[in-house]
Number of protein chains: 2
Amino acid sequence: MKHKLLPLSETMHYILLALREPRHGYAVMQEIEKMSHGDVILAAGTLYGAIENLNKHGWIEPVGSEGRRRIYQITEEGSAVLKAEQERLLHIISLYEGSEANEKI
Amino acid sequence: MKHKLLPLSETMHYILLALREPRHGYAVMQEIEKMSHGDVILAAGTLYGAIENLNKHGWIEPVGSEGRRRIYQITEEGSAVLKAEQERLLHIISLYEGSEANEKI
DNA sequence: GTGTTTATTAAGTTCAACTATATAGTCAGA
DNA sequence: TCTGACTATATAGTTGAACTTAATAAACAC
C-alpha cells in the first residue's frame with residue numbers, strides 16, 4: 001500500500017480520525033480541536049484543501065449534504081490507511097527505550 | 001516549545017532517534033534503514049539537508065570528525081523535542097478506540 | 001584497474017500546509 | 001435593526017521539507 005501521501009501528516013491523520021463519523025468540514029475542524037485538546041487548530045484553507053485531497057484519493061467520500069454543508073465519511077480504503085498508520089506509529093514508539101509501548105510490536 | 005518544524009516529520013524523527021548515539025551522516029542512513037526494517041531509506045539529499053537543518057536549530061551538534069566523516073549527536077534540546085514527540089504520538093494512538101495504548105495518556 | 005561501497009554536496013522540482021482574503025448565511029444582544 | 005460574532009466554504013499566492021538526480025572523491029575488493 002505504498003502511496004505518495006504516506007506517512008500521514010498530522011492534518012490528514014486527524015481528519016481521517018474525525019471522519020470515522022460522518023461530518024461536514026466545519027464540524028471536522030471543531031472535532032479536531034477537541035480531540036487534540038486545542039493543540040491542533042486547522043486554518044480553513046488547510047482543512048478544505050486536505051478534504052479535497054483525501055476525497056480525490058478515495059480515502060473519504062461525500063455521503064450527503066445539508067444546505068451548504070457537505071458531509072463526508074471515511075471509506076474502507078481510508079480505514080485501511082488508518083490501520084497501517086497506527087501500526088507505523090506503534091513501531092516508532094517502540095524505538096524509544098523505556099517507553100511503555102515497548103515490546104508491543 | 002512551539003516550533004516551526006513540529007510536529008516532527010518521519011525523516012527528522014528517525015534522524016534524532018539515530019543520533020542518541022554519536023554517528024556520521026552515512027551511518028545515520030544505515031541505522032534508519034535498520035530501525036525501520038528497510039521501510040525508510042533516505043536519499044542522500046534528504047539526509048544531509050535534514051542534518052544541516054537540525055544542526056541549525058540546535059537539536060543536534062557536531063561532536064568531532066574522522067577524515068571526511070562528520071560526527072553528530074543529539075543535544076539536550078533535541079532530546080526534549082523527542083520526548084514531546086513521543087507524548088504527541090501516544091496521544092494520537094490513544095484516539096484509536098480498541099488500541100492497546102488507550103487510556104495511557 | 002575496474003567496479004562497488006562509503007561519504008558528502010548541490011541543483012532543481014513537487015506539493016502539503018500555510019496566510020490571507022472573499023463570500024455569505026445565521027443568530028444574539030444593544 | 002444593525003452590528004458583531006459565529007458558521008461554512010472557497011481560492012490565490014507563498015514557503016519549505018522532502019524528493020530526484022547527479023557530481024565528486026576516497027577506500028576497498030576482485
Side-chain angles (χ1 to χ4, degrees), chain A residues 2-16 18-19 22-34 36 38-60 62-72 78 81 85 88 92, chain B residues 2-19 22-34 36 38-57 59-60 62-72 78 81 85 88 92:
Chain A
K2 268 289 177 193
H3 214 286
K4 68 171 165 174
L5 37 97
L6 287 174
L8 242 38
S9 67
E10 179 163 72
T11 297
M12 298 293 200
H13 200 161
Y14 268 113
I15 293 174
L16 286 178
L19 287 178
R23 282 190 171 92
H24 58 94
Y26 200 80
V28 168
M29 208 190 296
Q30 293 174 309
E31 175 65 15
I32 289 177
E33 191 174 343
K34 190 179 143 203
S36 69
D39 290 339
V40 181
I41 299 180
L42 297 184
T46 305
L47 175 80
Y48 293 105
I51 285 178
E52 206 183 318
N53 207 358
L54 288 170
N55 182 38
K56 201 172 65 194
H57 281 88
W59 293 355
I60 63 174
V63 292
S65 53
E66 296 169 7
R68 278 184 307 158
R69 296 174 172 178
R70 281 186 293 152
I71 319 287
Y72 289 90
V81 168
E85 189 64 10
R88 188 183 70 84
I92 290 180
Chain B
K2 269 289 178 194
H3 214 284
K4 67 173 167 176
L5 39 98
L6 287 174
L8 242 41
S9 67
E10 180 164 72
T11 297
M12 298 294 200
H13 200 161
Y14 270 111
I15 293 174
L16 286 179
L17 285 170
L19 287 178
R23 282 190 171 90
H24 58 94
Y26 200 81
V28 167
M29 206 191 297
Q30 293 175 308
E31 175 66 15
I32 289 177
E33 190 174 344
K34 189 178 144 204
S36 69
D39 290 339
V40 180
I41 299 179
L42 297 184
T46 305
L47 175 81
Y48 292 104
I51 285 178
E52 205 182 320
N53 206 359
L54 288 170
N55 182 38
K56 203 172 63 194
H57 281 88
W59 293 356
I60 64 174
V63 291
S65 54
E66 296 169 9
R68 279 184 306 159
R69 297 173 171 180
R70 280 185 295 151
I71 318 288
Y72 290 89
V81 167
E85 189 64 9
R88 189 183 71 82
I92 290 180

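No hydrogens, no waters, no symmetry mates; every other heavy atom, side chains included, goes into these values. In what follows, chains carry the letters A, B, and so on, assigned in the order in which the sequence lines appear, proteins first and then strands, with residues in each chain numbered from 1.
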For A:His24, all residues meeting ring pair (Phe, Tyr, Trp, His ring centres under 6.0 Å), sequence neighbours excluded: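 Listed in chain order: nothing, the list is empty.
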How many whole angstroms separate atom [atom1] of [X] from atom [atom2] of [N]?
X       : N      : atom1 : atom2 : value
B:Tyr26 : D:dA25 : OH    : C1'   : 14 Å
A:Leu6  : C:dA16 : CG    : P     : 12 Å
B:Glu66 : D:dA27 : CD    : C1'   : 14 Å
B:Ile51 : C:dA10 : CD1   : C1'   : 15 Å
B:His24 : C:dT9  : NE2   : C1'   : 16 Å
B:Glu52 : C:dA11 : CD    : C1'   : 14 Å
B:Leu8  : D:dG16 : CG    : C1'   : 16 Å
B:Leu47 : C:dT9  : CG    : P     : 10 Å

So B:Gln30, base contact, sugar-phosphate only, or nothing? Heavy-atom distance under 4.0 Å.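 Sugar-phosphate only.
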Non-neighbouring partners of B:Arg23 that pass side chain to side chain donor-acceptor pair (under 3.5 Å), sequence neighbours left out: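 By the side chain to side chain donor-acceptor pair (under 3.5 Å) rule, B:Arg23 matches B:Glu31.
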Which residues satisfy the side chain to side chain donor-acceptor pair (under 3.5 Å) test with B:Asn55, sequence neighbours excluded?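 Scan of B:Asn55 (side chain to side chain donor-acceptor pair (under 3.5 Å), adjacent residues dropped) gives none.
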Using a cutoff of under 3.5 Å, can you pull out all pairs of nitrogen or oxygen atoms linking the protein to nucleotides 18-23 of chain C, with atom names and distances?
from, atom 1, to, atom 2, distance (Å)
C:dC18, OP2, A:Thr46, OG1, 3.1

Could you work out, with side chain to side chain contact (heavy atoms under 4.5 Å, CB included) as the rule, every residue matching B:Thr11, not counting sequence neighbours?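 Once residues adjacent in sequence are excluded, the partners of B:Thr11 under the side chain to side chain contact (heavy atoms under 4.5 Å, CB included) criterion are B:Ser9, B:Ile15, B:Leu42, B:Thr46, B:Ala50.
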Side chain to side chain contact (heavy atoms under 4.5 Å, CB included) with B:Arg88: which residues, sequence neighbours excluded?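 Per chain and number, B:Arg88 pairs via side chain to side chain contact (heavy atoms under 4.5 Å, CB included) with A:Glu10, B:Pro7, B:Glu85, B:Ile92.
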Would A:Tyr72 and A:Val63 satisfy side chain to side chain contact (heavy atoms under 4.5 Å, CB included), going step by step from the backbone distance to the final call? CA-CA 5 Å; A:Tyr72 289 90; A:Val63 292; 5.9 Å; no
